[in-house]
Amino acid sequence: MKKIVIASENQGKIEEIRPHLAHAGFEVYSMADFDVPPVDETGTTLLENALIKARALKNVTNFMVLADDSGLMVEALGGKPGVYSSRYAKHGDDDANNQKLLTNMADKNNRFAQFKTVIVIIDQDDKEYVFEGELSGYIHTVLEGEHGFGYDPLFIPVGYHKTLASLPPSVKTRISHRKQALDQVLVFLRQRG
Ligand code: IMP
């Protein structure tokens with residue numbers, strides 16, 4: 001059976017991706033199954049960070065590897081928080097990050113923003129492939145909703161009138177930036193056979 005390793009220790013993310021890869025005929029492993037030295041995500045773009053994670057994992061396995069990196073790009077803030085999304089105010093503190101975003105957007109009329117995901121695959125021959133997904137929307141003026149994580153309570157997708165955190169989780173699963181990127185990965189993997 002074909003084998004693939006996901007370069008993440010985030011169990012939620014792994015469980016989101018695993019069924020799709022399994023359905024495409026892969027035996028799925030995570031970074032926890034390997035002895036990978038800690039990596040610093042020092043890149044200045046999502047692609048650089050995804051490559052850093054994928055290459056670090058590829059150093060310790062011959063299996064195909066998959067790494068992703070995501071972020072929120074807000075037009076009026078010149079693309080911030082972008083690659084620094086998880087540590088905009090404080091690392092891993094969604095409430096503090098959302099409050100900082102609200103404060104910085106207080107005087108902005110242009111509320112357009114995009115979630116972006118970059119997925120890097122490195123195959124058994126060390127060839128690197130890049131896939132991208134995005135979700136466009138607007139930054140709301142107040143926090144709304146309980147679902148999801150990160151900036152979901154502030155993000156209203158184009159074509160909707162509620163934040164991602166207020167919409168049913170099944171909607172996010174269908175339209176998310178991660179899903180768009182993953183769909184391309186699955187097409188690629190199926191075509192390779
Ligand atoms: P990661 O690369 O998927 O871990 O995402 C990095 C950061 O981007 C997260 O910690 C969140 O702050 C933000 N982010 C990425 N995807 C989403 C999402 O689907 N909803 C809300 N925030 C997200």
Considering only distance and modelled atom types, tabulate donor-acceptor pairs under 3.5 Å from the side chains of residues 20-28, sequence neighbours left out.
unit_1	atom_1	unit_2	atom_2	d
Glu27	OE2	Tyr29	OH	2.5

Result block: side-chain N/O donor-acceptor pairs under 3.5 angstrom for residues 186-193, not counting sequence neighbours:
unit_1	atom_1	unit_2	atom_2	d
Arg192	NH1	Asp123	OD2	3.2

Which atom pairs, donor and acceptor, lie under 3.5 Å between side-chain atoms of residues 32-47 and protein residues at least two apart or in another chain?
unit_1	atom_1	unit_2	atom_2	d
Asp33	OD2	Ser30	N	2.9
Thr44	OG1	Glu48	OE1	3.3
Thr45	OG1	Glu48	N	3.0

To which residues is Tyr138 joined in a hydrophobic cluster, defined by side-chain heavy-atom contacts under 4.5 Å among Ile, Leu, Val, Met, Phe, Trp and Tyr, whether direct or through other members?
-> Phe112, Val158
Between the main-chain N or O of Ala50 and the side-chain N or O of Asp69, is there a donor-acceptor pair closer than 3.5 Å?
-> no
Can you list every side chain to side chain donor-acceptor pair (under 3.5 Å) pair that touches residues 98-114, not counting sequence neighbours?
-> Glu75-Asn110, Tyr88-Asn104, Gln114-Glu134, Gln114-Ser136
By salt bridge (Lys or Arg N to Asp or Glu O under 4.0 Å), Glu146 pairs with (sequence neighbours left out) none
In Å, rounded to the nearest 0.5 Å, how long is the span from CG of Leu57 to CE of Met64?
-> 12.5 Å
When you check the side-chain N and O atoms of Ser166 and Thr163, is any donor under 3.5 Å from an acceptor?
-> yes
Short question: side chain of Lys58, backbone of Lys53 - any donor-acceptor pair under 3.5 Å?
-> no
What are the two closest non-hydrogen atoms of Ser8 and Ile14, and how far apart are they?
-> O-CD1, 3.3 Å
Can you tell me if Gln180 and Gln184 form a side-chain donor-acceptor pair at under 3.5 Å?
-> no
Considering residues, nucleotides and ligands other than Lys162, do more than 12 of their heavy atoms fall under 6.0 Å from its NZ?
-> no
Main-chain N/O of Ser85 paired to Tyr151 side chain as donor or acceptor, under 3.5 Å | yes
Side chains of Val5 and Leu66: closer than 4.5 Å at any heavy-atom pair?
-> no
Pair Lys13 + Asp68, salt bridge at N-O below 4.0 Å = yes
Atom pair CZ/CD1 of Phe63 and Ile4 - distance to nearest 0.5 Å = 11.0 Å
